[in-house]
**Student:** 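Please see the structure below; I have some questions.
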2 protein chains.
Amino acid sequence: MDTTVVKALTVLEALAASRTPLGVTELATRLGLSKSNVHRLLQTLASRGYVAPVEHRYTVTTKLWELGAQIVSRLDVAQVATPVMQRLVAEVDETAHLSILDMTACEVVSIHNVESTQPVRAYSRIGQRTPAHCVATGKALLSVQPPEALRALPEELPRFTPHTLWQRDALLAALEKIRADGYSTNVGEWREQVGGAAAVVRDHGGRPVAALGLTVPVERLEPEVMSRYIPRLIAAASEISRLLGAPSR
Amino acid sequence: MDTTVVKALTVLEALAASRTPLGVTELATRLGLSKSNVHRLLQTLASRGYVAPVEHRYTVTTKLWELGAQIVSRLDVAQVATPVMQRLVAEVDETAHLSILDMTACEVVSIHNVESTQPVRAYSRIGQRTPAHCVATGKALLSVQPPEALRALPEELPRFTPHTLWQRDALLAALEKIRADGYSTNVGEWREQVGGAAAVVRDHGGRPVAALGLTVPVERLEPEVMSRYIPRLIAAASEISRLLGAPSR
DNA sequence: AACAGCGTTCCATTATTTAGAACAAAGGAA
DNA sequence: TTCCTTTGTTCTAAATAATGGAACGCTGTT
């Protein structure tokens, strides 16, 4: 193990965590290293532009942030989500899918699926478009849209089953609860036989980018089952968000 | 100089710059290091969570971003500016960004963006560096630098288009006008097709901390349009300054 | 089945890091 | 001001940790 590297990273982290610049002595005592050692590490980090001396102390530069920004800007939701979704499906054995919202059409588009092994299961093709107001992923994503975008929705929405929330006001009330709960559910609002739950995935800027959903045939959609699945769903969604660099909480 | 630390940072940067995971051998040849050396460095970086193995290769994690985000979140500008920027973009429907100046490199670093909804719009990645002397935000920030810092600039600066102010004296004259006007503009000085305007944001001590800029494709960059946008830009910048506790005027 | 390429492990050699003391420079107290 | 404390910086011998070549096991290919 390259102990020098570890020490350098420790110094860097300590400096990044401090809201004020730190001196050599302060860092040395705080990290239990010798003064001259810390000094050399700082010089090395400074030579690569990671830290900079200011008024006899040292502070981190924006280089770390720039590197990090480079990384997160390249991350792709579907790619990052795949292993997490596979783990989720292994746990609950129901089909998981990842969808994005097309607000111009008020529809969700499925961008990635992981199928369950159940003989009876909900089918969903990648690229498939579904009205947003009557599926779990769509409602989750709608719930985090800005209020003015929601007010722009038509008074009456398409109605697919008796359960569809086709009146805007009823939908808005439901969305409010979803926002507070951190997840959405659906029982036969689009197709009589299909329900599910979903939670929002956020990117490095904290912006909602997709929703992670579980789709379940109504016959298996019992409350006690869902209450087991939902915490796992939420955990998976926030794990994906975390991997994308989303600010915690 | 801690050569091991430098090597580790080089590995980290190479990994961050690559859009795909890299193998030990690939990294070793690319950086001119021995295979076992790279392997050990990767193990060390992995033990601290900076990189992670995936399918017999290595990739960077979002740890760098987490560290970097700590740094930027400490600049309260970013938080305070977001809602103001969103309002500005809602008004003018052009991409707004917030940039800080790195005087050691005479470059600006974009720390926050709010994109417009226009189909044709300037694309700028967060964390991106741009030469300060040929973009609006950079010129705005340069214009409020102390005179001695400006005198230290080289006689001739990099030239990107025929419009670039590449001679120091011409630049200094432009900066003087910017300082008097309270805003800067740019028409194709960096990229032929892109222009914009910017104004300085000040902290509670009245010190310049960032610049708020609008970036506009030249095709929409007509004087009468800009004259409508600029007052709003200035208002937004001073609103952010006010929120930071800057003394008025 | 043989091969080529990869990541990984091992270890003696060697170059590097280390800690302490000495030095210089800055800041505060008298 | 002058003295004294505390800080950042430099230096060096001693010791430690990093190095790279060779060997290993594994995977996928020909």
Side-chain angles (χ1 to χ4, degrees), chain A residues 1-61 63-64 71 79-80 82-83 86, chain B residues 1-61 63-64 71 103-104 146 148-149 205 207:
Chain A
M1 181 101 96
D2 299 277
T3 60
T4 317
V5 173
V6 172
K7 287 178 195 167
L9 294 174
T10 310
V11 167
L12 203 55
E13 287 168 20
L15 227 41
S18 159
R19 61 196 66 236
T20 58
L22 296 176
V24 175
T25 310
E26 167 111 43
L27 272 166
T29 54
R30 193 180 291 192
L31 304 176
L33 298 171
S34 77
K35 220 167 46 154
S36 55
N37 195 351
V38 170
H39 180 250
R40 253 163 62 79
L41 292 169
L42 285 171
Q43 279 194 320
T44 307
L45 291 171
S47 77
R48 289 310 226 96
Y50 286 87
V51 306
V54 290
E55 297 170 22
H56 296 217
R57 274 189 286 278
Y58 286 88
T59 184
V60 283
T61 65
K63 175 144 184 182
L64 259 188
I71 295 159
Q79 213 173 311
V80 167
T82 305
Q86 284 167 344
Chain B
M1 185 99 98
D2 300 279
T3 59
T4 317
V5 174
V6 172
K7 287 178 196 167
L9 294 174
T10 309
V11 167
L12 202 55
E13 288 169 20
L15 228 40
S18 158
R19 59 199 66 235
T20 58
L22 294 176
V24 175
T25 310
E26 167 109 43
L27 271 167
T29 54
R30 194 179 290 193
L31 305 176
L33 298 169
S34 76
K35 221 166 48 154
S36 55
N37 196 351
V38 170
H39 180 250
R40 255 162 60 80
L41 292 169
L42 285 170
Q43 278 195 320
T44 306
L45 290 171
S47 77
R48 289 309 226 100
Y50 286 86
V51 306
V54 288
E55 297 173 25
H56 295 215
R57 277 190 286 277
Y58 286 88
T59 185
V60 284
T61 65
K63 172 136 187 186
L64 267 184
I71 297 160
M103 200 55 197
T104 64
E148 62 270 22
R207 289 175 296 261

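Each chain gets a letter, A, B and so on, in the order its sequence line appears, and its residues count up from 1.
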**Student:** Please report the distance, rounded to the nearest Å, between CG in B/Leu41 and C1' in D/dG20.
**Tutor:**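 It works out to 13 Å between those atoms.
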**Student:** Roughly how many Å is it from NE2 in A/His39 to C1' in C/dA25, rounded to a whole number?
**Tutor:**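 Value for this atom pair: 13 Å.
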**Student:** For A/Asn37 and D/dT16, what is the distance between atoms CG and P respectively, to the nearest whole Å?
**Tutor:**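 Interatomic distance, CG of A/Asn37 to P of D/dT16: 14 Å.
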**Student:** Is there a donor-acceptor contact under 3.5 Å linking the side chains of B/Thr10 and A/Arg48?
**Tutor:**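 There is such a pair between these side chains.
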**Student:** Strictly distance-based, threshold 3.5 Å: is any side-chain N or O of B/Thr44 a donor or acceptor partner for the main-chain N or O of A/Asp2?
**Tutor:**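 Confirmed, B/Thr44 side chain pairs with A/Asp2 backbone.
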**Student:** Report the residue (A/Arg40 or A/Thr25) whose heavy-atom-nearest nucleotide on DNA chain D is the more 5′ of the two.
**Tutor:**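 Nearer the 5' end of the strand: A/Thr25.
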**Student:** Give a yes or no on whether the backbone of A/Thr4 and the side-chain of B/Thr4 come within a donor-acceptor separation of less than 3.5 Å.
**Tutor:**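 No, because the side chain of B/Thr4 does not come within donor-acceptor range (under 3.5 Å) of the backbone of A/Thr4.
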**Student:** Near DNA chain C, counting only heavy atoms under 4.0 Å, which residues of residues 8-17 of chain A show up?
**Tutor:**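 Within this stretch, nothing sits under 4.0 Å of the strand.
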**Student:** Strictly distance-based, threshold 3.5 Å: is any side-chain N or O of A/Ser18 a donor or acceptor partner for the main-chain N or O of A/Ala14?
**Tutor:**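 No, A/Ser18 side chain to A/Ala14 backbone: no donor-acceptor pair under 3.5 Å.
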**Student:** Grab the CD-C1' distance between B/Gln43 and D/dA18 for me, whole Å please.
**Tutor:**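 B/Gln43 atom CD is separated from D/dA18 atom C1' by 14 Å.
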**Student:** Between D/dG21, D/dT19, C/dG7, spot the one nearest the side chain of B/Thr4, thanks.
**Tutor:**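 Closest of the options to the side chain of B/Thr4: D/dT19.
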**Student:** NA contact type, A/Ser34, heavy-atom cut-off 4.0 Å: base, sugar-phosphate, or nothing?
**Tutor:**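 A/Ser34: base contact, heavy atoms under 4.0 Å.
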**Student:** Closer to the 5' end of DNA chain D via nearest nucleotide, is it A/Met1 or A/Glu26?
**Tutor:**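 So the residue in question is A/Glu26.
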**Student:** Do B/Ser36 and D/dG20 share a donor-acceptor pair, side chain to base, under 3.5 Å?
**Tutor:**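 Answer yes: a donor N or O sits under 3.5 Å from an acceptor.
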**Student:** Between atom CG in B/Asp2 and atom C1' in C/dA19, what is the gap in whole Å?
**Tutor:**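 Going from B/Asp2 (CG) to C/dA19 (C1'), I get 14 Å.
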**Student:** When the distance from NZ of A/Lys7 to P of C/dT17 is rounded to whole Å, what number comes out?
**Tutor:**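 To the nearest whole Å, that distance equals 10 Å.
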**Student:** Go through B/Tyr58 and B/Leu22 one step at a time and tell me if the side chain to side chain contact (heavy atoms under 4.5 Å, CB included) criterion holds.
**Tutor:** CA-CA 5 Å; B/Tyr58 286 88; B/Leu22 294 176; over 6 Å; no
**Student:** Applying a 4.0 Å non-hydrogen cut-off, can you work out what B/His56 is touching in the nucleic acid: base, sugar-phosphate, or nothing?
**Tutor:**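 Since only primed, P, OP1 and OP2 atoms lie under 4.0 Å of B/His56, the category is sugar-phosphate.
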**Student:** Walk me through whether B/His39 and B/Lys35 qualify under side chain to side chain contact (heavy atoms under 4.5 Å, CB included).
**Tutor:** CA-CA 6 Å; B/His39 180 250; B/Lys35 221 166 48 154; over 6 Å; no
**Student:** May I ask you to verify if any side-chain N or O of B/Thr3 is less than 4.0 angstrom from the OP1 or OP2 atom of C/dT17?
**Tutor:**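 So the side-chain polar atoms of B/Thr3 do come within 4.0 Å of the phosphate oxygens OP1 or OP2 of C/dT17, strictly under.
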**Student:** To the nearest Å, give me how far apart NZ (B/Lys35) and C1' (D/dT19) are.
**Tutor:**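 About 15 Å, once rounded to whole Å.
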**Student:** Does A/Tyr58 have a side-chain nitrogen or oxygen under 4.0 Å from the phosphate oxygens OP1 or OP2 of D/dT9?
**Tutor:**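 Answer yes for this pair, as a side-chain N or O of A/Tyr58 is under 4.0 Å from OP1 or OP2.
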**Student:** Verify, without hydrogens or angle tests, whether A/Thr61 (side chain) and A/Gly49 (backbone) share a donor-acceptor contact under 3.5 angstrom.
**Tutor:**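 Yes.
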**Student:** Distance check needed: C/dT18 P versus A/Leu31 CG, whole Å only.
**Tutor:**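 The distance from CG of A/Leu31 to P of C/dT18 comes to 13 Å, rounded to the nearest Å.
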